[in-house]
Each structure stands twice: as structure tokens, then as C-alpha cells.
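Shown next, in C-alpha cells, is the structure this report addresses.
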Amino acid sequence: MTEATPSFQMLIQRFFVDYLRQQRAVSSNTIAAYRDTFKLFLAFAQRSLGKAPTSLALSDLDATLILGFLDHLERERENSVRSRNARLSAIRSFLKYAAHEDLTALAVIERSLAVPQKRHDRAVLGFLTRPEMEAVIAAPDDATWAGRRDQALFALLYNTGARVSEAINLKVGDAVLDVSPVAHLHGKGRKRRSVPLWKSTAATLRQWLRHLPDASSQSYLFPNSRGRRLSRSSVTQRLALAIARAASKHPTLAGRTISPHTIRHTTAMHLLQSGVDITVIALWLGHEHPSTTHIYMEADLAMKEEALSRLQPIAATPTRYRPPDQLMAFLQSL
């Protein structure tokens, strides 16, 4: 007796509960991102097709609907191409799973999976100079409890290149401040890495621990005023306050878009400029693929090329090479 084809509603439930949670054991952040994608996608499908989400069939998720949804994200919701591609990745993941569960919709799924990721220009990498970074770390008022916490937090972010989510989830026991100071970070995809702490960072953290109401090993290293985990938005707000104060001494900070992730870029660039090997930087930042770290090499090379162009005058304007063959000339002009 053949098994009945699962409904679209059943496929969605199995995808999240069985596949993502049980089989792949993805993080809660990934599940939340996929959930938000499907909430937006199903709402768009209801407006476009006139069907409630519970009435949809897998065959309704054709390439036309998906392309319309992606266009809606960019035009109406003003999402970036990065966000558009992230939403498409979530839908593609579901379709690949559904292809094994509902063979009757294979033709539709195959065409839908052919919808490509959209190429986009990569933003210029932003980072701070050493004096600017030092000014930001020193900016919070160390006469207040929150100011001392912010100084310790910014120092650790710069030292480790940690993501905000990694820093705010740190527990007191994750920071070993004895003979060889080290921070044990819990990164993306449940990956863990240990990053050595500079003497100055370790000293700052030791001083901060003296002001923690609860310094037990399972307490948050950087809590809010109620002793709970600091939120991402709070870190962003506190950093903005520090930058505003530091801008009085370093006007170059004023008017710039500086996020906590900018500190991560700053760490990588300063390590690279200090001669640290790119593979070590990849381990330091917790990059799964060293190729991800190559953007810092490209940024550093771009800076050197810009400096070279300022120092080396052009003696003569080179003439453009023109191939004698007409076909080669056409290809050269493209």
C-alpha cells in the first residue's frame, strides 16, 4: 500500500520540526530566520493567489510566485540584495527537502530551484584605525557601572573579533584570566573556539569582575542592569554613545556608520597589518572557510594601491592596445 502524499502544511511542519531541528540540529537563529521567511512568503502567496496558507499545495510554489516574492522584497519592502538572497536560500532549502517527500511535484520544484541568486556589489569594508579604536574603548564613563561594563565589552570585542551574539552570550566561566588568559567563544553553527586575550584585555576584565554583582561561572559576563543577558540592540546603542564621545577627540569618527561588526572588521585588518597569517586570522574570527577572510587581504591591497597611486606620478598616458583583427578588436572592446 503506497503512502499518501503529504500536504503542504504537513511538509512545512516536518521541515521545521523533523528536518531542521532533529536531523540538521541547526541553531535557533537559523530557525528564526527561516520562520520569518516563510511568514513573509506565505502572506505574499495569499495575496497573489487568493489562497490561505493552509490551502496551498506544493505545486503552487512555482518559479513565477518565487520571483514575484523576491521582487516584492526588493521593491516594496526595500530589502537589500543580501536579504533577498537569504530569503531565497531558505525557500530553496525547503524545496530540496520537499522533493524527497512529494515526487508528484518534482517538475515544479526543479523549475523553482533554477531561480538564481542575484549578484550584487560588495560594500566597501569599513574599519577603524588603532587610535580611533582605542578612543572608542576609552570613551565610556568608567565612574559608572554601565561605563565600566562597556569598556570591558568593547575591549573584548576588539581583542577577539567576536560577533555580538558571541560576546553577549559569554558567561563568566568562559573567560579564563589566569596564567594564559583566553576567551572561549560559542560561535555560529554551535562551533566553539578559544581566542587568547592580551594582557591589557585580561586586566580590564579582572577589574570588571570585581564590579559584577554575581560573578559565578554561569552568570553573564556582560549583563544588563537586571543581571540578564545584554541585547544586541543595547550593544549597538552603547557603542553609538561611545563613538559620539570619542568623536570629540577624533572628528573622523563623526558621521560614519559604525556598528559592532565594524569592530570585528577592525580586529581582522589590524591583525593582517601586523603580519599575522590569513589562516590564523580565519581561525581567530571563527570563519568556516578561509576564503571568507580574503576580503581583508583585498581591502589591504586596495589601500596600498591607493597610496601607491598618490606617490607615483604617471609619466605618460599609455595608449590603448588595438588588435589588428576585427573580431579580436570587437572582443577587446567588450
Determine, stepwise, if the pair D71 / R75 fulfils salt bridge (charged side-chain N to carboxylate O under 4.0 Å, His left out). CA-CA 6 Å; D71 187 64; R75 293 178 181 274; 2.7 Å; yes

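- Note: L197 CG to R206 CZ = 9.0 Å, rounded to the nearest 0.5 Å.
- Looking at heavy atoms from C-beta onward, Y34 lies out of side-chain contact with F94 at the 4.5 angstrom threshold.
- Side-chain atoms of W145 come within 3.5 Å of backbone atoms of H211 as a donor-acceptor pair (strictly under, hydrogens ignored).
- Although no hydrogens or angles enter the test, the distance criterion places a donor-acceptor pair under 3.5 Å between the side chain of D174 and the main chain of K171.
- Side-chain N/O atoms of S89 and Q117 include a donor and acceptor closer than 3.5 Å.
- In this structure, S83 contributes its side chain and N79 its backbone to no donor-acceptor pair below 3.5 Å.
- The existence of a salt bridge linking E132 and R256 is confirmed by a sub-4.0 Å separation between a basic side-chain nitrogen and an acidic carboxylate oxygen.
- With a 4.5 Å cut-off on side-chain heavy atoms, F127 and Q273 count as touching.
- Residues H270 and V276 are not in side-chain contact: their nearest non-hydrogen atoms beyond the backbone lie 4.5 Å or more apart.
- Under the 4.0 Å criterion applied to side-chain N and carboxylate O atoms, E166 and R193 are assigned as salt-bridge partners.
- Inter-residue side-chain proximity for L185 and S194 is flagged as unmet; no heavy-atom pair is nearer than 4.5 Å.
- Side-chain contact annotation: N169 with R229, donor-acceptor N/O pair under 3.5 Å present.
- For the atom pair L61 CG and L11 CG, the distance stands at 10.0 Å (nearest 0.5 Å).
- By the 4.0 Å N-to-carboxylate-O rule, D150 lies close enough to R238 to be salt-bridged with it.
- Using a 4.5 Å heavy-atom cutoff, the side chains of R35 and F16 are in contact.
- Taking the side chain as every heavy atom from C-beta outward, I109 and D102 never approach each other to under 4.5 Å.
- Between H261 and H265, the ring-plane angle classifies as perpendicular under the 30° and 60° cut-offs.
- A distance of 10.0 Å separates CG of L113 from OG of S93, quoted to the nearest 0.5 Å.
- Using a 3.5 Å distance cut-off with no hydrogens or angles, the side chains of T64 and D62 do not pair a donor with an acceptor.
- With contacts defined as side-chain heavy-atom distances shorter than 4.5 Å, the pair R228/P223 does not qualify.
- V115 places a side-chain heavy atom less than 4.5 Å from the side chain of L70.
- With sequence neighbours excluded, the residues satisfying side chain to side chain donor-acceptor pair (under 3.5 Å) with D214 are S216, S219.
- One finds the CZ atom of R148 at 15.0 Å from the CG atom of L153 (value rounded to the nearest 0.5 Å).
- Side-chain atoms of S27 and T30 form a donor-acceptor pair, as typed in the model, at a separation below 3.5 Å.
- For the atom pair Q151 CD and D141 CG, the distance stands at 8.5 Å (nearest 0.5 Å).
- Distance alone, capped at 3.5 Å, places no donor-acceptor pair between the D60 side chain and the K51 backbone.
- When the shell of 6.0 Å around CD of E110 is examined, it contains 12 or fewer heavy atoms from other residues, nucleotides or ligands.
- Sequence neighbours left out, not one pair with a member in residues 265-274 passes salt bridge (charged side-chain N to carboxylate O under 4.0 Å, His left out).
- If you chain together hydrophobic residues whose side chains sit under 4.5 Å apart, L157 and V176 never meet in one group.
- To the nearest 0.5 Å, atom CG of residue L239 and atom CZ of residue F154 are 5.0 Å apart.
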